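Encoded as structure tokens, the structure appears first; notes follow it.
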Amino acid sequence: MADTVALERLIEVFRVEHPAVRFTRVVVGDCGGGEGPSQSEFPKDWDMSYAGEVMQVWQQRGYFTGSLMAIADLLDGIDFVLETGAAIPSTSLVPPQPQERP
């Protein structure tokens, strides 16, 4: 949480000091990546047995919803930001939430 607040303050200061520079802060939710070079290497060195133990805690705390964003959806979101010329100050790209079963 402190990292997020620090990033927000940094962005605010940067915008005041450099008003001619436009950029967008993109927050990306759970994404599995694609294949080949686009595949996420984030978990490659994890201890998978330990990751399995903490996965339930992550889900309970809302850190991981259990659904992943398709890489095509992530790219569509980034493409939209670029097409606007970074006119959007901040956006969040998140996967669809799992549907509750009756």
Side-chain angles (χ1 to χ4, degrees):
M1 181 67 161
D3 292 343
T4 303
V5 173
L7 179 59
E8 287 296 327
R9 296 300 171 257
L10 179 65
I11 291 169
E12 289 173 13
V13 169
F14 189 86
R15 285 187 176 130
V16 169
E17 292 182 357
H18 304 282
V21 177
R22 292 176 21 172
F23 67 98
T24 299
R25 181 178 69 97
V26 178
V27 178
V28 178
D30 302 326
C31 184
E35 296 185 22
S38 66
Q39 185 172 17
S40 173
E41 295 206 9
F42 176 66
K44 80 174 191 168
D45 294 325
W46 284 10
D47 176 339
M48 287 302 161
S49 61
Y50 181 69
E53 291 174 28
V54 299
M55 185 62 70
Q56 291 180 17
V57 175
W58 292 346
Q59 288 177 323
Q60 290 168 353
R61 294 183 181 176
Y63 300 151
F64 180 71
T65 63
S67 68
L68 297 175
M69 180 183 343
I71 192 68
D73 293 340
L74 172 64
L75 294 176
D76 287 345
I78 298 297
D79 188 47
F80 177 76
V81 169
L82 293 174
E83 286 179 5
T84 66
I88 303 166
S90 180
T91 190
S92 296
L93 304 175
V94 297
Q97 297 303 303
Q99 298 297 316
E100 294 284 327
R101 295 187 184 221

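Just so it is clear, the model here is predicted, and its values are computed rather than measured.
Arg9 is linked by a side chain to side chain donor-acceptor pair (under 3.5 Å) to Glu12, counting only residues two or more places apart in sequence or in another chain. Applying the side chain to side chain contact (heavy atoms under 4.5 Å, CB included) test to Ile78 and every residue at least two apart in sequence or in another chain returns Val26, Leu74, Leu82, Leu93. Scored by the ring pair (Phe, Tyr, Trp, His ring centres under 6.0 Å) test, Phe80 finds no partners at all (sequence neighbours excluded).
Cluster membership check: Tyr50 shares its hydrophobic cluster with Met48, using side-chain heavy-atom separations under 4.5 Å among Ile, Leu, Val, Met, Phe, Trp and Tyr.
Through direct or indirect side-chain contacts shorter than 4.5 Å among Ile, Leu, Val, Met, Phe, Trp and Tyr, Val16 is connected to no other residue.
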Please table the atom pairs, donor to acceptor, closer than 3.5 Å between any side-chain atom in residues 83-92 and protein atoms at least two apart or in another chain.
{"from": "Thr84", "atom 1": "OG1", "to": "Val81", "atom 2": "O", "distance (Å)": "2.7"}
{"from": "Ser90", "atom 1": "OG", "to": "Arg25", "atom 2": "NH2", "distance (Å)": "3.2"}

